[in-house]
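Just so you know, residue 1 is the first one in the sequence shown, and it goes up from there. Whatever order the structure lists them in is the order used to number ligands and atoms, beginning at 1.
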Amino acid sequence: MDCDVAIIGGGPAGSTLGALLRLYNPQLAVTIIEREVFPRDHVGESLLPYLMHVLAEMGVWDKIEAADFPVKVGGQYRWGVSDDLWSLDFLTDANFKEEPRPARFAGQRVLTAFQVDRSKYDKILLDHAKELGCRLLEGVKVQAIRKDGDRVTGFELVPTCDEGVAALQGEKEITARYYVDASGNTGMMRRAMGVEVDSPTSLRNVAIWDYWQNAEWAERIGIGGTRILVLSIGWGWIWFIPLGPTRTSLGLVTSAEYLKQSGKRPEELYAEAVTSEPTIAKLTKAGHRENILQTTRDWSFVAAKLYGENWFLAGDSAGFADPILSGGLTLAQNGARKIAYTILELDRGELDPAWLKNEFDRSQRSHIRNHINFADYWYSANGHFKELKEYCAEIARDAGLGLEPEEAFRWMGSGGFTSDKLGEALTGSYTIGTVKFSINQMSGRMPRWELDGFNSFRLNLEGATLTRLASYERGRIQSIQCYVRDSHVLPNYLAFGAMATAMRAETEFQPLMELFSAEMRRRVPKSDTSTHFWVGLQTLEAMIAEGWVTPELVPRAKVLKILVMNNGYTYGWLKEGVGLTSVDPFQPNAVVVGWDDYLKAVASVSA
Ligand SMILES: Cc1cc2nc3c(=O)[nH]c(=O)nc-3n(C[C@H](O)[C@H](O)[C@H](O)COP(=O)(O)OP(=O)(O)OC[C@H]3O[C@@H](n4cnc5c(N)ncnc54)[C@H](O)[C@@H]3O)c2cc1C
């Protein structure tokens with residue numbers, strides 16, 4: 001074999017995979033084959049905080065910070081039933097402190113993300129992979145995949161430019177022990193290996209975008225901070241993402257059907273959107289377009305399988321969720337991280353190879369699906385889409401989705417509240433608080449909390465069987481014991497494990513939450529206790545929605561009335577020594593986390 005791992009594509013998925021493989025095993029020979037010579041432009045610029053942990057693990061967060069990209073503290077949306085703008089924040093601007101840059105990945109910066117110019121971001125990642133020792137064949141295209149049944153036996157290579165000729169030095173093919181497709185939406189190896197894709201949604205959109213020079217930023221928060229702007233118009237939505245002091249990404253998304261029926265060219269629709277939307281017209285007044293209008297179709301899908309005998313699918317080749325949630329790179333780089341862990345464990349030979357591959361496939365596909373479900377809800381619940389009304393109704397019908405808030409919440413958790421972190425109550429990359437808050441903003445109504453009106457909570461494991469699922473941490477895969485029933489999983493791990501353990505000793509809410517916190521302190525000694533109440537609340541909510549907990553009303557104890565709503569994320573609460581709350585205590589609808597506030601909240605419930 002020429003190398004251990006050969007990767008098609010040097011985008012974020014390919015470089016993340018290469019970097020992590022070399023970081024954890026510097027003996028591995030990893031080759032990344034990229035047809036372009038970086039830097040090259042790419043759409044997809046707004047990141048999520050969840051991804052920051054992957055960048056930090058790769059050792060590249062400081063380099064990204066040094067590039068001085070705008071700090072994303074959240075997003076501002078016009079979406080749903082009202083014309084008012086609302087924000088979904090990782091950290092509210094009132095809490096975002098003036099802090100010199102470059103900063104460290106600590107404190108408030110663990111909660112924020114970046115808005116990145118992809119030509120720079122992707123190059124930093126690829127250079128980092130190279131610095132860690134990956135062999136990079138830039139300007140070289142994989143033009144054919146050699147295979148034997150479900151085994152890949154080699155890549156045929158061809159240079160696309162002089163750099164490629166120099167890199168290849170006459171080489172025409174490469175063989176490896178493992179092959180990975182990180183070729184983005186071309187999905188080169190996925191197609192070659194005959195993997196079907198499933199589009200579990202009628203979301204069939206097109207995106208049309210250009211870059212602008214000298215457009216104004218909609219907001220300036222602290223030093224370098226801002227929010228992305230997402231504005232729905234009757235026939236689609238506009239993104240406005242500052243990428244640096246002078247450059248802004250400005251795009252339009254509409255349904256493929258609408259584009260066709262309008263009889264207009266993408267250029268015409270784009271100009272119409274930019275000039276007719278007053279906020280955007282104002283922000284772009286003093287700016288000018290780079291005039292490199294681009295279009296792409298953006299159809300959500302998941303590949304039917306993500307691995308074969310000696311190959312894996314990474315990034316957009318494995319699946320894609322509509323960009324409304326800014327989840328693409330989080331999915332792509334997290335998935336690549338799991339492939340790196342899987343290959344490292346396959347080489348160690350301590351865990352069952354079939355289980356390792358299945359776990360990657362199961363967790364990544366459900367992560368992508370959760371994002372798609374959430375995106376479906378966003379579209380179907382948007383009252384602004386006047387000309388797309390029937391289209392949105394079709395999405396709702398396809399998904400079997402009703403728009404009652406409670407129903408929507410339960411539907412979103414129907415595939416289980418799972419994320420890339422086993423043991424955390426999330427759906428995709430979003431907390432349960434965020435999901436409820438979004439439903440509230442879009443429907444104008446508050447989804448009831450399942451634990452509302454009860455005061456005692458009993459563990460219900462009836463009919464569940466035991467299994468073992470993978471947890472991906474610090475370069476190793478751990479096999480974690482979990483209960484399984486129907487499509488739901490209850491890991492004996494982190495918050496889910498702590499809650500189940502606490503519930504075996506106590507059922508009444510207040511002492512239960514105290515035991516939960518004690519159990520969390522025991523399991524994750526450095527976790528921030530001030531977040532335990534909020535984490536516990538969301539964990540309980542998920543466990544009720546999935547049937548793991550039966551809520552009850554016992555006499556004499558206080559009854560829970562949850563009046564509060566998180567207006568953002570609660571990410572990274574397990575990070576060492578970091579006090580995390582994304583909640584703004586000054587907002588009337590905010591829940592304030594921390595034990596004092598918890599006690600106040602409990603004191604204010606009706607007896
Ligand atoms: C309209 C739109 C908006 C988006 N907005 C966001 C957003 O706001 N936030 C977000 O996180 N994500 C967003 N995304 C998604 C995001 O862009 C992708 O998820 C991300 O780029 C996936 O990374 P990747 O490494 O899998 O693929 P890519 O970044 O596409 O990289 C694949 C690489 O493979 C190379 N390649 C392809 N074929 C070959 C070959 N045969 N040989 C050699 N090299 C090859 C390509 O040149 C490319 O460099 C958006 C996507 C779209 C379409």
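For ligand 1, the atoms closer than 4.0 angstrom to any heavy atom of Ile33 are 43 (C), 44 (N). Atoms of ligand 1 lying under 4.0 Å from at least one heavy atom of Met188, given by number and element, are 41 (N). Short contacts between ligand 1 and Glu45, defined as distances under 4.0 Å to a heavy atom of the residue, involve ligand atoms 7 (C), 8 (O). Remark: ligand 1 atoms within the under-4.0 Å shell around heavy atoms of Phe320 are 15 (C), 51 (C), 52 (C), 53 (C). The Ile8 neighbourhood of ligand 1 comprises atoms 39 (C), 40 (C), 42 (N), 43 (C), with distances under 4.0 Å to a heavy atom of that residue. Applying the 4.0 Å criterion to heavy atoms of Gly315 picks out, from ligand 1, the atoms 26 (O). Residue Glu36 has at least one heavy-atom neighbour below 4.0 Å for each of these atoms of ligand 1: 47 (O). Taking every non-hydrogen atom of Gly11 and a distance limit under 4.0 Å, the qualifying atoms of ligand 1 come out as 25 (O), 31 (O), 33 (C).
Under a 4.0 angstrom heavy-atom cut-off, Trp209 registers as lying outside contact with ligand 1. Ligand 1 is approached by Val140 to a heavy-atom distance shorter than 4.0 Å. Heavy atoms of Arg118 come nearer than 4.0 angstrom to ligand 1 in at least one pair.
Looking at Asp210, its side chain never comes within 3.5 Å of a backbone N or O of Gln294 through a donor-acceptor pair.
When the heavy atoms of Ser317, Ala332, Pro323 are ranked by distance to atom 3 (C) of ligand 1, first place goes to Pro323.
Backbone and side-chain nitrogen or oxygen atoms of Lys141 are examined, and none is located within less than 3.5 angstrom of a nitrogen or oxygen of ligand 1. On a distance-only criterion, Ser46 and ligand 1 share at least one N/O pair closer than 3.5 Å. Taking distance alone, with nitrogen or oxygen atoms compared against 3.5 Å, Arg297 stays at or beyond that limit from ligand 1. Annotation: Val142 places an N or O atom under 3.5 Å from an N or O atom of ligand 1; distance criterion only. Considering backbone and side-chain atoms alike, Leu329 places an N or O below 3.5 Å from some N or O of ligand 1. Note: an N/O pair closer than 3.5 Å links Arg35 and ligand 1 by distance alone. On a distance-only criterion, Val43 and ligand 1 share at least one N/O pair closer than 3.5 Å.
Looking only at protein heavy atoms, the nearest one to atom 32 (C) of ligand 1 is Ala182 O, 3.4 Å. At the top of the distance list for atom 18 (C) of ligand 1, counting protein heavy atoms only, stands Asp316 OD2, 3.2 Å. In this structure, atom 25 (O) of ligand 1 lies nearest to the protein heavy atom Ala13 N, 2.9 Å. Atom 37 (C) of ligand 1 has as its closest protein heavy atom Ser183 O, 3.3 Å. The protein atom (non-hydrogen) at minimum distance from atom 14 (N) of ligand 1 is Gly44 CA, 3.6 Å. Taking atom 34 (O) of ligand 1 as the reference point, the nearest protein heavy-atom neighbour is Gly9 CA, 3.2 Å. Summary of contacts: the protein heavy atom closest to atom 28 (P) of ligand 1 is His42 NE2, 3.4 Å. Nearest protein neighbour of atom 27 (O) of ligand 1, counting heavy atoms only, is Gly184 CA, 3.3 Å.
Annotation: Trp61 is in aromatic contact with Phe114 [ring centroid separation under 6.0 Å]. Taking the six-membered ring for Trp and the full ring otherwise, Phe385 and Trp378 have centroids separated by 6.0 Å or more. Ring centers of Tyr391 and Tyr258: at least 6.0 Å apart, outside the cut-off.
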Stepwise salt bridge (Lys or Arg N to Asp or Glu O under 4.0 Å) test for Arg247 and Asp117: CA-CA 8 Å; Arg247 197 171 195 229; Asp117 193 321; 3.0 Å; yes
side-chain hydrogen bond (donor to acceptor under 3.5 Å, both in side chains) evaluation trace for Thr153 with Asp148: CA-CA 7 Å; Thr153 55; Asp148 177 9; over 6 Å; no
Begin with the C-alpha distance, continue with both residues' side-chain angles, and end with the deciding distance and a verdict on side chain to side chain contact (heavy atoms under 4.5 Å, CB included) for Arg135 and Cys3. CA-CA 10 Å; Arg135 179 183 179 216; Cys3 63; over 6 Å; no
Starting from the C-alpha separation in whole Å, work towards a yes-or-no answer on side chain to side chain contact (heavy atoms under 4.5 Å, CB included) for Tyr472 and Asn334. CA-CA 10 Å; Tyr472 302 78; Asn334 252 311; over 6 Å; no
Checking side-chain hydrogen bond (donor to acceptor under 3.5 Å, both in side chains) for the pair Ser249/Trp239: CA distance, chi angles, key distance, verdict? CA-CA 8 Å; Ser249 168; Trp239 79 70; 2.8 Å; yes
Could you walk me through whether Lys123 and Glu36 pass the salt bridge (Lys or Arg N to Asp or Glu O under 4.0 Å) test, one step at a time? CA-CA 11 Å; Lys123 179 157 171 56; Glu36 310 272 344; over 6 Å; no
Run the numbers on Phe105 and His53 for ring pair (Phe, Tyr, Trp, His ring centres under 6.0 Å), then give the verdict. CA-CA 9 Å; Phe105 184 61; His53 297 276; 5.4 Å; yes
Candidate pair Trp311 and Arg190, rule side chain to side chain contact (heavy atoms under 4.5 Å, CB included), full reasoning: CA-CA 10 Å; Trp311 55 269; Arg190 184 190 74 226; over 6 Å; no
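Of the candidates Asp150, Asp361, Asn358, Asn358 is the only one forming a side chain to side chain donor-acceptor pair (under 3.5 Å) with Tyr307. For the side chain to side chain contact (heavy atoms under 4.5 Å, CB included) test with Val140, the passing option among Leu157, Val158, Thr31 is Leu157; the others fail.
Taking every heavy atom of both residues into account, Ile8 and Met189 meet most closely at CD1-CB, 4.2 Å.
Both cation-pi conditions hold for Arg337 and Tyr341: the charged atom is under 6.0 angstrom from the six-membered ring centre and inside a 45 degree cone around its axis.
In Glu34, the parts holding a heavy atom less than 4.0 Å from any atom of ligand 1 are both the side chain and the backbone. Within the 4.0 Å heavy-atom criterion, the part of Thr186 lying near ligand 1 is the side chain and not the backbone. At a heavy-atom cutoff of 4.0 Å, ligand 1 is contacted by the side chain of Arg40 but not by its backbone. Residue Ala207 touches ligand 1 through its side chain alone, judged by heavy-atom distances below 4.0 Å.
Between Gln213 and Glu290, the closest side-chain pair of non-hydrogen atoms falls below 4.5 Å.
Phe312 and Tyr178 have tilted rings, their planes meeting at an angle from 30° to 60° on a 0 to 90° scale.
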